[in-house]
Amino acid sequence: MDRIRLKRFCLLAIFCSFTLFVSAQEYVTLEQCQQWAISRTSANVQKDLNDQILKASLNNESSYLFPKLSINGRFSYGNVDVQYPHPWADDVNLARMQYHIGLDFEQVLFEGFRMYYGRQFARLQNEAEIAKIDLSLNEVKDKIISVYLNLLIVDKQMGIIESVQNTFNEQIKRMKVMLQEGVIPQNTLSQLELEALKMEQQYGELEANRESLVSTLEILTGKDLSHAVFLMPDLPAAVDDDASSRLEYALFDNQAKQMDFQRKIYLSNSLPKVSIFAAGGYGRPDYQFYLSRPDWYYLTGVTLKVPLIDWARSSGFGKVIDIQKEILRSQEDDFKKSNMISIQEKQNEISRLEKLVQLDSTITTKYAELTKTYSGQLANGTITVFDYIKQHNDELQSRMNQELHHIQLLKAKYELMALKGKL
């Protein structure tokens, strides 16, 4: 009875330990790692700050049509000799003084569309900054994809070596029995044990590499991934659309529009300006001449300003903009050609990897069958231990190639998506 209770207790302990181990594991996907990494960047803060900068810039551009009100004061003394018909102006020095203090008001009615063009230019600058932030986020995504897929490759390799180690350990156990029975020499067993040690060493190197990759991923995501199980992502769907959505093209277009609005802003300075003004105060201002008494005054009217000489400067500035746009178009053409070449090379790589993946399964199956045959032949003594080890290593390499090609294909498809701006 006690034995039954002890057995039940052991089974319960094993079940609880397994449950705790499973619950401690966290299943992680590539998309989750990308989201965590992006959330740790300053992109959101930068976008909020750019919004604030845009509001301030738009308000600054609108200030061209805001009314202007200022206090205006002046004192002057002239040497003009005048006749003074009024008794209070007998003092020559007093007559030669002009002074006033008052308010000046001006309201621009038309400023050559300077405000409209300036606001549009500010919006374009803001859009360019946001596009640059999005480009930096794409770089973060690319980094996560590279680290994550390299980690999956290491996990697969470790799993394959662990499986092969188990096979070798079983083979070594059988060889030890055969050695005791005198069927095989000590050299055969020693060679198998040496190969098992080499695999253990290779497993240790992969384990160290895995720890390094996990640490990098933890730094990028800000998460504890020491107990995480990294899931294999599905192969992305084929991107057949040849139209590229790269953010760089949007930036080229944005820069061209900025240049157009720079030209318009500069040309607006050559357009007529219309404004109304009003001035009022107390004193003896200049336009009251020398014979008026100090008194309250006001003046109002309309101002029209038509530049005459700035057209030549505007024409020269326009030529500079045209040259800059030609340079920009050539840079865009170079980028487009380079991108098209990269896309074609990546599509060729994907085609090559797809063919390899199709053959990998058949090759690995054949190697596994041969290894099983070699195992029996080794026990019968019809082949040497070196033949068996070589066959086992060939199978190991084929299985690793199968996993490597699959993940390389996965990575190549993600890279193709990035080249087309579909990531």
Side-chain angles (χ1 to χ4, degrees), residues 38 41-43 46-47 49-51 53-54 57-58 60-61 112-143 145-146 236 238-271 310-352 411-423:
I38 289 174
T41 65
S42 60
Q46 292 181 51
K47 287 184 178 181
L49 291 176
N50 276 336
D51 288 340
I53 293 174
L54 176 61
S57 299
L58 292 177
N60 183 55
E61 296 296 335
F113 302 108
R114 174 65 178 79
M115 182 195 73
Y116 173 77
Y117 296 144
R119 288 172 65 89
Q120 294 298 106
F121 182 71
R123 288 192 177 95
L124 288 171
Q125 286 182 313
N126 183 259
E127 290 174 4
E129 291 302 318
I130 292 177
K132 291 176 183 177
I133 294 173
D134 290 335
L135 278 175
S136 67
L137 293 181
N138 285 343
E139 293 177 359
V140 173
K141 290 181 180 179
D142 290 341
K143 179 67 174 177
I145 289 173
S146 178
V239 183
D240 297 327
D241 185 10
D242 292 331
S244 179
S245 303
R246 292 284 294 267
L247 285 174
E248 288 85 349
Y249 290 119
L251 276 173
F252 281 123
D253 183 62
N254 180 283
Q255 291 179 32
K257 290 180 179 178
Q258 284 191 45
M259 292 179 185
D260 288 335
F261 276 100
Q262 282 181 314
R263 185 205 306 270
K264 292 176 180 179
I265 289 172
Y266 199 88
L267 288 175
S268 68
N269 296 327
S270 301
L271 295 178
D310 282 350
W311 287 104
R313 295 176 56 193
S314 300
S315 177
F317 184 80
K319 291 179 180 178
V320 172
I321 292 293
D322 290 337
I323 295 172
Q324 290 177 338
K325 289 186 72 173
E326 287 182 10
I327 295 173
L328 183 65
R329 279 193 294 269
S330 65
Q331 291 175 344
E332 184 177 4
D333 289 340
D334 291 341
F335 177 82
K336 186 175 181 179
K337 291 176 185 177
S338 176
N339 190 48
M340 290 176 64
I341 292 172
S342 299
I343 288 174
Q344 185 60 54
E345 291 176 347
K346 193 58 62 178
Q347 288 174 337
N348 295 338
E349 180 184 353
I350 289 173
S351 298
R352 178 182 63 83
K411 185 177 182 181
K413 288 197 172 184
Y414 275 115
E415 289 172 345
L416 179 62
M417 292 173 63
L419 288 171
K420 291 190 174 184
K422 311 290 185 181
L423 191 61

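Positions are given from 1, in the same order as the sequence printed here. All values reported here derive from a predicted model rather than from experimental measurement.
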Is a side-chain donor or acceptor of Asn348 paired with a backbone partner of Gln344 at a separation under 3.5 angstrom?
-> yes

Near Tyr249 OH, under 6.0 Å, is it more than 12 heavy atoms from other residues, nucleotides or ligands?
-> yes

Salt bridge flag under 4.0 Å for residues Lys47 and Asp51 | no

Gap between atom CD1 of Ile130 and atom CG of Leu135 - 0.5 Å precision | 12.5 Å

Rounded to the nearest 0.5 Å, how far apart are OH of Tyr117 and CG of Asp260?
-> 11.0 Å

Taking atom CZ of Phe335 as the centre, report whether more than 12 heavy atoms of other residues, nucleotides or ligands fall under 6.0 Å from it.
-> yes

Of all heavy-atom pairs between Leu54 and Ala122, which one has the smallest distance, and what is that distance?
-> CD1-O, 3.7 Å

Hey, could you give me the NZ/CG distance between Lys346 and Leu419, rounded to the nearest 0.5 Å?
-> 7.0 Å

Sorted by chain and residue number, the salt bridge (Lys or Arg N to Asp or Glu O under 4.0 Å) partners of Lys143 (sequence neighbours excluded) come out as none

Smallest heavy-atom separation, Gln125 atom then Gln258 atom, equals CG-OE1, 3.6 Å

Nearest heavy-atom neighbours spanning Ala128 and Leu251 | O-CD2, 3.7 Å

Give a yes-or-no answer on whether the side chains of Gln46 and Asn50 include a donor-acceptor pair shorter than 3.5 Å.
-> no

Output yes when Glu332 and Arg329 qualify as a salt bridge under the 4.0 Å nitrogen-oxygen rule, no when they do not.
-> no

When you look at Tyr266 and Gln262, which way does the side chain to side chain contact (heavy atoms under 4.5 Å, CB included) test go after all the steps?
-> CA-CA 6 Å; Tyr266 199 88; Gln262 282 181 314; over 6 Å; no

CD/Gln331 to CD/Gln255 distance, rounded to the nearest 0.5 angstrom?
-> 7.5 Å

Test Glu127 against Leu124 for side chain to side chain contact (heavy atoms under 4.5 Å, CB included), laying out the working first.
-> CA-CA 5 Å; Glu127 290 174 4; Leu124 288 171; 3.8 Å; yes

Interatomic distance, OG@Ser342 vs CE@Met340, rounded to 0.5 Å, equals 11.0 Å

Val320 versus Gln324: any side-chain heavy-atom pair under 4.5 Å?
-> yes

Determine the minimum heavy-atom distance between Gly421 and Ser245, stating which atoms define it.
-> O-CB, 3.7 Å

Are the side chain of Arg119 and the backbone of Leu58 linked by a donor-acceptor contact shorter than 3.5 Å?
-> yes

Distance-minimising heavy-atom pair for Ala43 and Ile133 = CB-CG2, 3.7 Å

For the residue pair Arg114 and Ser268, what are the closest heavy atoms and their distance?
-> CD-OG, 3.5 Å

CD-CG distance between Glu349 and Leu416, expressed to the nearest 0.5 angstrom | 10.0 Å

Under the 6.0 Å and 45° cation-pi test, does Lys411 pair with Tyr414?
-> no

